[in-house]
Amino acid sequence: MFSIYRIHGEFCASHPWEVIVATLTLTACIFSIDSGSLYTNDSTNPLNICHSTPCQDYNAVDAIVMTAIRCIAIIYSYYQFCNLRKLGSKYILGIAGLFTVFSSFVFTSSIINFLQGDLSDLKDALFFFLLLIDLSKATLLAQFALCASTQEEVKNNIALGVELLGPSLTLDTLVETLVISVGTLCGIRRLEILSYFACMSVIINYVVFMTFFPACLSLILELVHTNESAAIYEMHEQGQKPNPVLQRVKIIMAFGLVIVHLNSRWAIVGIEDDDQTVSPFLKPNNINFNETNDSEGFIMKCLRGSVDNIVVLILLLALIIKFIYFEDSEQVAGYIFDIQTKTEKEKLSEIPSTQVVDKSVQTLVSERPSVPDLEIIQEDVDTEYISNTNNEPRSLQECLFIYENEERGIGIRRTIISSDFTGLYDAMKELPYENYDYSKVLGACCENVIGYVPVPVGMAGPLLLDGKLVYVPMATTEGCLVASTNRGCKALLENGVTTRVVADGMTRGPVVRFDSITRASEAMHWIQVTTNFDKIKESFDSTSRFAKLIRIQVRIAGRYLFIRFVATTGDAMGMNMVSKATEASLNYVKQYFKDMEILSLSGNFCSDKKPAAINWIEGRGKYVVCEAIVSAKVVKEVLKTTVQALVDLNISKNLVGSAVAGSIGGFNAHAANIVTAIYIATGQDPAQNVSSSNCLTLIEPWGDQGKDLYVSCTMPSIEIGTVGGGTQLGPQSACLDILGVKGAHKSRPGENAAALARIICGSVLAGELSLLSALSAGHLVKSHLKHNRSSANITDTSETVTHKKFGPCLSVP
């Protein structure tokens with residue numbers, strides 16, 4: 001039986017023009033038929049249910065009840081369209097609305113015209129139409145079509161949708177027609193008219209859904225279809241069959257209603273008056289309800305009006321309950337499909353379970369619609385990872401694989417966020433999250449992951465550094481930065497750059513408190529004793545193979561004691577390593593000073609990620625200096641300036657200007673630019689550019705006559721590492737490999753981190769030289785206007801992101 005519906009769906013989708021033209025032609029013909037040509041004055045119209053006698057005037061009760069009915073119909077229609085909007089697709093809402101207009105008004109009106117009905121009665125019948133139109137199934141079929149990425153898939157998906165929805169819709173149409181047609185037997189003329197209209201609407205809606213609607217879907221998508229690989233709309237499988245229990249109940253109900261109708265019609269046909277059989281569609285003409293006394297006529301008139309409207313109201317309430325509690329909960333929530341052909345499903349069942357999970361992950365795209373019911377979302381995503389078609393329990397290994405799949409969690413997280421904030425669904429489309437190795441992120445680099453941000457990486461160089469050529473990767477979104485650094489590298493190729501790491505020590509500075517300044521000063525002197533320092537060092541060094549305590553700096557402030565531990569950390573930047581060792585050392589000191597209160601492992605005496613003079617003076621991390629000599633010829637031909645101009649500019653800008661500003665470690669042109677770009681590319685902590693960018697740039701005339709140029713950079717606090725943190729991520733690890741400093745040094749711990757610090761200092765020198773040359777020659781603004789401005793950055797629109805509960809919360813320009 002299902003194959004018949006599939007063949008029918010394929011025909012409608014494959015021949016949309018023929019189906020549409022035939023339907024519209026038939027409709028036009030029906031509208032053009034003259035009612036007088038069908039029936040003569042002597043003949044009787046067997047379906048003329050509107051032209052016998054005028055309907056009686058409304059009384060007060062009639063007006064009130066009919067007003068309430070219309071309000072209910074309008075509110076329910078609004079509720080239906082609100083549900084469609086939650087699907088997150090303007091295409092589905094538009095197509096379903098178009099289908100509603102055509103099926104409920106145009107086609108039904110044409111049939112009423114054909115049956116010589118009074119079109120003025122549509123003013124009441126229209127509210128029946130609003131409650132009877134099955135928007136849920138029209139929406140589902142539209143979703144089937146929109147899931148396809150090619151025209152051939154559109155036809156297959158429409159055929160599959162008709163195959164799956166057709167039997168249920170056919171049974172529903174039969175049941176609805178039989179239930180509503182009960183109103184044609186009640187003897188209340190007005191209710192009979194509305195019931196006839198409602199039955200016509202249900203039947204015509206079914207015919208249009210099975211013919212005109214699929215053809216329109218196919219034609220529209222054929223006209224607007226693009227060659228993109230992604231579908232307009234994507235769905236996921238939850239179930240393909242309607243509820244079998246509900247279907248059996250409907251069949252039994254339909255059978256019973258058929259018996260009731262046959263019995264009622266047989267009884268009416270058996271009534272004869274003057275040897276003339278009464279038409280089952282007409283009341284006997286000799287019945288006169290006004291042949292009563294005045295009081296009885298008034299009472300019957302009121303009762304007829306009240307009963308009429310009460311029955312109509314009961315029918316409307318029954319239909320509303322049906323649509324809300326049966327259609328939406330059992331069919332709309334149950335018909336969420338993953339559009340796949342049967343052949344694709346058979347192929348999928350032959351693939352190993354791990355590959356099935358990978359394929360499922362790929363289908364969990366960021367363009368899925370926002371659905372408010374998070375339980376449906378969870379079930380939808382869980383269904384993605386069912387790897388066998390027999391619904392057998394998953395194995396323990398498969399469950400563990402799914403549980404540890406971070407990409408699946410990201411998909412769920414993005415869906416939940418999109419359902420809470422209207423506007424984020426479209427925004428997150430541009431944020432990628434697929435095809436990324438999250439195994440190295442979880443528990444190490446980031447939490448609540450929703451994707452990753454690709455940053456352009458440029459290459460500066462080669463830079464001649466300590467006799468070796470080095471290409472420097474720089475991740476940045478600032479135009480001209482890589483080009484400027486590259487020009488500096490070119491200027492330094494003649495003589496190269498010489499670098500030295502003169503000190504190395506990561507710091508952690510906890511704060512402790514005593515009862516008095518006396519105890520605080522006693523502890524300070526005790527720590528500074530050499531034998532006590534050796535014991536503290538022994539405790540410190542025992543926590544790691546690479547953490548080695550060098551010195552301790554102590555400062556007192558009232559009864560507070562600030563203790564700054566300085567240690568080497570191998571090739572790691574070492575913050576976590578030093579923190580662990582510092583905690584062990586404090587516990588050792590506490591054995592001698594039991595009244596010492598450890599307030600915080602970090603008391604800002606370190607100082608980490610904050611401007612601080614102590615890092616500028618004492619150093620933190622790697623203390624690096626570098627120098628280079630640039631000939632007058634290179635200064636003129638490559639840097640386009642003069643030696644004297646560079647010397648004067650450096651003094652006035654980097655030295656005097658920074659001193660006037662009260663700068664701490666900012667005696668440079670733009671060291672932070674180069675440091676941050678290399679940090680992002682190599683997986684360092686970008687926030688540590690605060691201290692790492694501390695730099696003193698010095699420029700002097702060089703040579704016997706001062707024609708050449710001497711330039712040096714002093715950077716006392718480069719916080720750097722080649723292991724741990726973001727250095728283990730794939731792209732960042734690749735950049736470290738380009739520099740030849742990936743991971744830990746095999747024989748000399750700390751050598752790779754020191755080499756990276758030297759590369760950074762040398763690159764900063766190249767960047768300083770190029771920028772100062774551009775400033776002295778007046779090229780800075782000109783180059784940025786040419787290379788660093790884009791009309792793509794100019795916009796006059798804004799988007800407001802709104803939380804469902806808390807309202808507008810973010811404006812994105």
Side-chain angles (χ1 to χ4, degrees), residues 458-472 474 478-500 624-659 666-675 677-678 693 695-715 758-788:
M459 187 73 76
L463 172 66
L464 183 57
L465 188 79
D466 297 323
K468 297 181 180 180
L469 292 176
V470 179
Y471 286 94
V472 184
M474 302 173 66
E478 180 182 352
C480 299
L481 177 60
V482 177
S484 177
T485 308
N486 191 68
R487 184 175 74 148
C489 293
K490 181 179 180 181
L492 296 170
L493 273 177
E494 185 178 26
N495 297 316
V497 182
T498 302
T499 64
R500 291 293 183 271
V624 189
V625 293
C626 66
E627 65 179 3
I629 297 174
V630 185
S631 66
K633 180 181 178 181
V634 172
V635 171
K636 181 180 179 180
E637 295 180 358
V638 178
L639 300 178
K640 310 298 182 182
T641 185
T642 64
V643 171
Q644 188 58 45
L646 286 173
V647 173
D648 290 344
L649 177 62
N650 185 68
I651 293 173
S652 60
K653 171 183 170 62
N654 289 345
L655 302 183
V656 178
S658 297
F667 301 94
N668 58 81
H670 71 146
N673 254 337
I674 292 86
V675 170
I678 300 177
S693 299
C695 177
L696 171 63
T697 300
L698 296 175
I699 296 180
E700 309 171 40
W702 193 256
D704 294 339
Q705 298 179 357
K707 294 182 178 180
D708 296 331
L709 184 74
Y710 173 87
V711 57
S712 69
C713 286
T714 303
M715 304 182 70
R758 291 189 289 110
I759 292 172
I760 290 175
C761 190
S763 301
V764 168
L765 190 148
E768 291 285 284
L769 189 60
S770 181
L771 177 58
L772 290 172
S773 299
L775 287 170
S776 64
H779 295 162
L780 177 66
V781 175
K782 183 178 180 180
S783 64
H784 274 274
L785 286 175
K786 181 179 181 181
H787 300 291
N788 199 26

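The structure presented is a predicted model; accordingly, all values stated were derived computationally and were not measured.
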Enquirer: Working to the nearest 0.5 Å, report the span between CZ of Arg487 and OG of Ser770.
Expert: 4.0 Å
Enquirer: If I compare all heavy atoms of Val624 with all of Cys761, which pair ends up nearest, and what's the gap?
Expert: CG1-CB, 3.6 Å
Enquirer: What closest approach, in Å, do Cys695 and Asn668 show between heavy atoms, and which atom pair accounts for it?
Expert: O-ND2, 3.0 Å
Enquirer: Ile760 vs Ile674, test: side-chain contact (heavy atoms from CB on, under 4.5 Å). Steps then yes/no.
Expert: CA-CA 8 Å; Ile760 290 175; Ile674 292 86; 5.5 Å; no
Enquirer: Going from SG on Cys489 to CE on Met459, what distance comes out if it is rounded to the nearest 0.5 angstrom?
Expert: 11.0 Å
Enquirer: Asp648: what forms a side chain to side chain donor-acceptor pair (under 3.5 Å) with it, not counting sequence neighbours?
Expert: Gln644
Enquirer: Specify the closest pair of heavy atoms between Leu649 and Ser652, including all atoms of both residues, with the distance to one decimal.
Expert: O-OG, 3.1 Å
Enquirer: Distance from Leu709 atom CG to Leu769 atom CG, nearest 0.5 Å?
Expert: 6.5 Å
Enquirer: Could you give the distance from OH (Tyr471) to CG (Asn486), rounded to the nearest 0.5 Å?
Expert: 9.0 Å
Enquirer: Kindly write out the residues that satisfy side chain to side chain contact (heavy atoms under 4.5 Å, CB included) with Ala645, not counting sequence neighbours, or none if the list is empty.
Expert: Thr641, Thr642, Ser776
Enquirer: Can Lys707 and Val643 be said to form a side-chain contact (heavy atoms from CB on, under 4.5 Å), step by step?
Expert: CA-CA 7 Å; Lys707 294 182 178 180; Val643 171; 6.0 Å; no
Enquirer: Which residues pass the side chain to side chain contact (heavy atoms under 4.5 Å, CB included) test with Leu696, not counting sequence neighbours?
Expert: Trp616, Leu655, Phe667, Leu698, Thr714
Enquirer: Could you pull out the closest heavy-atom pair between Ser658 and Gly666, with the gap in Å?
Expert: OG-O, 2.9 Å
Enquirer: Output all residues satisfying side chain to side chain contact (heavy atoms under 4.5 Å, CB included) with Thr499, sequence neighbours left out; order by chain, then residue number.
Expert: Leu465, Asp466, Val497, Cys626, Arg758
Enquirer: Can you measure from CG (Leu481) to CG (Asn673) and round to the nearest 0.5 angstrom?
Expert: 4.5 Å
Enquirer: So which atom in Val647 and which in Glu700 form the shortest heavy-atom distance, rounded to 0.1 Å?
Expert: CG2-C, 4.0 Å
Enquirer: Please tabulate, for the side chains in residues 627-638, all donor-acceptor contacts under 3.5 angstrom to protein atoms that are two or more places apart in sequence or on a different chain.
Expert:
{"unit_1": "Glu627", "atom_1": "OE1", "unit_2": "Tyr710", "atom_2": "OH", "d": "2.6"}
{"unit_1": "Ser631", "atom_1": "OG", "unit_2": "Glu494", "atom_2": "OE1", "d": "2.7"}
{"unit_1": "Ser631", "atom_1": "OG", "unit_2": "Val634", "atom_2": "N", "d": "3.3"}

Enquirer: Just to verify, what does Asn654 make a side chain to side chain contact (heavy atoms under 4.5 Å, CB included) with, not counting sequence neighbours?
Expert: Asn650, Ala669, Thr697, Glu768, Leu772
Enquirer: Are the side chains of Leu464 and Leu492 in touch, meaning some heavy atoms are under 4.5 Å apart?
Expert: no
Enquirer: Rounded to the nearest 0.5 Å, what's the gap from CG on Leu765 to OG1 on Thr485? Could you check?
Expert: 11.0 Å
Enquirer: Using the test side chain to side chain donor-acceptor pair (under 3.5 Å), find all partners of Ser763 that sit at least two apart in sequence or belong to another chain.
Expert: none
Enquirer: Taking side chain to side chain donor-acceptor pair (under 3.5 Å) as the test, write out the residues that go with Lys468, two or more places apart.
Expert: none
